[in-house]
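By convention in this document, chain letters (A, B, ...) are assigned in the order of the sequence lines, proteins followed by strands, and residues within each chain are numbered from 1.
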There are 2 protein chains.
Amino acid sequence: MPKDTFLNLDEAKQRRIFEAAVDEFSQKRFSEASINQVVKNSGISRGSFYQYFKNKEDLYLYVLKQIGKEKLDLMNYAGEIKQDADFFDGFIYMIRAALEWSRTKPKYYRIGMLMEFDDSHFISELRKALPEGFSMLKGMIEKDIQLGRVRSDIDSGLVVDIIYTLNLHLLIHCFKTDEESEFLKKIDEIIKILKEGIVNR
Amino acid sequence: MPKDTFLNLDEAKQRRIFEAAVDEFSQKRFSEASINQVVKNSGISRGSFYQYFKNKEDLYLYVLKQIGKEKLDLMNYAGEIKQDADFFDGFIYMIRAALEWSRTKPKYYRIGMLMEFDDSHFISELRKALPEGFSMLKGMIEKDIQLGRVRSDIDSGLVVDIIYTLNLHLLIHCFKTDEESEFLKKIDEIIKILKEGIVNR
DNA sequence: ACCCAAAATGACAACCCTGTCATAGTAGAT
DNA sequence: ATCTACTATGACAGGGTTGTCATTTTGGGT
């Protein structure tokens with residue numbers, strides 16, 4: 001979506017702008033993020049920016065697309081291993097992969113998280129169009145139901161929703177406090193509860 | 001926290017301002033909410049506003065305090081019934097009470113929800129100082145553990161966290177789509193999963 | 001060395017916002 | 001009727017934002 005003028009730039013400059021944008025969008029929600037900041041931190045002029053991108057939305061979409069490329073590589077790699085695992089192991093594997101990614105590329109991860117809590121029109125619409133990261137989990141639960149590993153009256157969609165929500169919530173906490181081992185411990189415990197329930201028997 | 005000049009106003013005018021503030025704070029996060037809007041919708045002048053309140057934070061705290069009063073009444077009422085109920089019933093009761101409140105005072109509820117997703121310094125600090133609505137649930141789980149109704153290896157804090165997070169998540173969805181019966185169905189299902197787990201046995 | 005098209009620039013308009021302040025208005029007491 | 005103390009007002013300063021545009025700079029081809 002950037003204009004040709006941007007694509008014609010030498011790669012170093014493209015990266016400088018991209019990274020300035022990542023910096024900004026990982027600190028502020030889309031609506032609060034400022035082009036001025038991106039312009040300042042990438043050392044280009046305001047006028048140039050609007051020669052490269054149509055507007056702020058254009059820049060955001062570009063950043064997302066770039067991040068998506070890197071994420072896709074990682075997810076494809078993760079996808080190879082968990083073929084015959086059950087849902088629980090598959091989930092834990094995905095969590096660890098995601099955590100690894102969030103550790104190597106924390107800013108990318110933060111952008112995703114901020115997006116999650118952005119209720120602006122633009123972001124709401126955008127979110128709908130984006131691929132759901134945990135969607136594969138739904139298939140895994142359904143497989144487990146067919147194999148008799150999971151109760152047949154369980155709503156797979158709801159379970160994915162639960163997992164997705166709790167994971168996001170814990171991740172945010174993890175980011176704030178930087179207690180990664182605590183996070184993994186809690187995920188394990190949540191999985192256990194999800195498996196067995198909390199009732200004494 | 002408002003100035004005396006505000007308290008001296010006749011009640012109708014106080015309400016007008018309060019309601020304009022509620023309108024604004026239930027539509028926009030604190031940082032995005034605009035005094036201009038409040039001023040316009042309450043029909044007072046900008047200058048007057050700053051004669052009534054020190055600043056935006058002052059107004060916000062006032063609104064929260066007013067809402068807190070109403071909420072306290074409701075919660076005290078709800079607290080009377082669930083004395084000897086177990087955690088699950090207690091939780092469902094609380095959910096229904098909260099939902100009832102969100103139905104009668106949706107704007108108040110929205111303010112709370114927006115606060116939940118506000119990471120500004122002011123709101124973060126404020127949130128810490130506020131009483132935790134679900135804190136009583138923790139005690140109920142611990143009681144259930146002692147009574148042998150819940151496994152003793154369960155972390156009560158984590159369970160409350162799970163419940164709190166999922167509830168909030170579902171409520172937001174409920175607010176957006178206005179599917180209240182769907183919401184209650186899901187809560188019931190989540191409780192069931194929390195109780196029994198999803199594993200086939 | 002010259003030319004010209006493409007790229008870079010920052011001033012600018014137009015619109016937000018918050019908090020202040022000198023002025024104008026009002027209503028009660030003397 | 002006058003004085004006074006409180007209240008209301010909107011213009012203003014000073015800050016932010018986005019997107020535009022006339023102007024200058026640059027660099028490749030001749």
>> Could you go through Arg29(B) and Asp119(A), starting from their C-alpha distance and side-chain angles, then the distance that decides it, and tell me whether this counts as side-chain contact (heavy atoms from CB on, under 4.5 Å)?
In response: CA-CA 10 Å; Arg29(B) 264 181 284 266; Asp119(A) 39 15; 3.1 Å; yes
Report the distance from atom [atom1] of [X] to atom [atom2] of [N], rounded to the nearest whole Å.
| X | N | atom1 | atom2 | value |
| --- | --- | --- | --- | --- |
| Asp58(A) | dT18(D) | CG | C1' | 14 Å |
| Lys3(B) | dT7(D) | NZ | P | 12 Å |
| Glu32(A) | dT18(D) | CD | C1' | 16 Å |
| Lys54(A) | dG19(D) | NZ | P | 9 Å |
| Asp4(B) | dT7(D) | CG | C1' | 14 Å |

> What are the two closest heavy atoms between Glu24(B) and Val38(B), and how far apart are they?
Replying inline: CB-CG2, 3.8 Å
> For Arg127(B), does the CZ atom sit with more than 12 other heavy atoms under 6.0 Å from it, leaving out its own atoms?
Replying inline: yes
>> Check whether Ser152(A) reaches the backbone of Gly148(A) with its side chain - one donor and one acceptor, N or O, closer than 3.5 Å.
In response: no
> Do Ser48(B) side-chain atoms and Ile44(B) backbone N/O form a donor-acceptor pair below 3.5 Å?
Replying inline: no
> Listed by chain and number, what are the salt bridge (Lys or Arg N to Asp or Glu O under 4.0 Å) partners of Lys195(B), not counting sequence neighbours?
Replying inline: none
> Where along nucleotides 8-14 of chain D does protein come under 4.0 Å, by heavy atom, of base (B) or sugar-phosphate alone (S), with - for untouched nucleotides?
Replying inline: BBB----
> If you walk 5' to 3' along DNA chain C, what is the first nucleotide with an atom under 4.0 Å of a heavy atom in chain A, and what is the last?
Replying inline: dA7(C) to dG10(C)
> Do the numbers put Lys56(A) on top of the ring of Phe30(A), so that NZ or CZ is under 6.0 Å from the six-membered ring centre and no more than 45° off the axis?
Replying inline: yes
>> Taking any heavy-atom pair under 4.0 Å as a contact, classify Asn8(A): base, sugar-phosphate, or nothing.
In response: sugar-phosphate
> Step by step, would you call Glu32(A) with Gln27(A) a side-chain contact (heavy atoms from CB on, under 4.5 Å)?
Replying inline: CA-CA 9 Å; Glu32(A) 286 149 4; Gln27(A) 278 169 32; over 6 Å; no
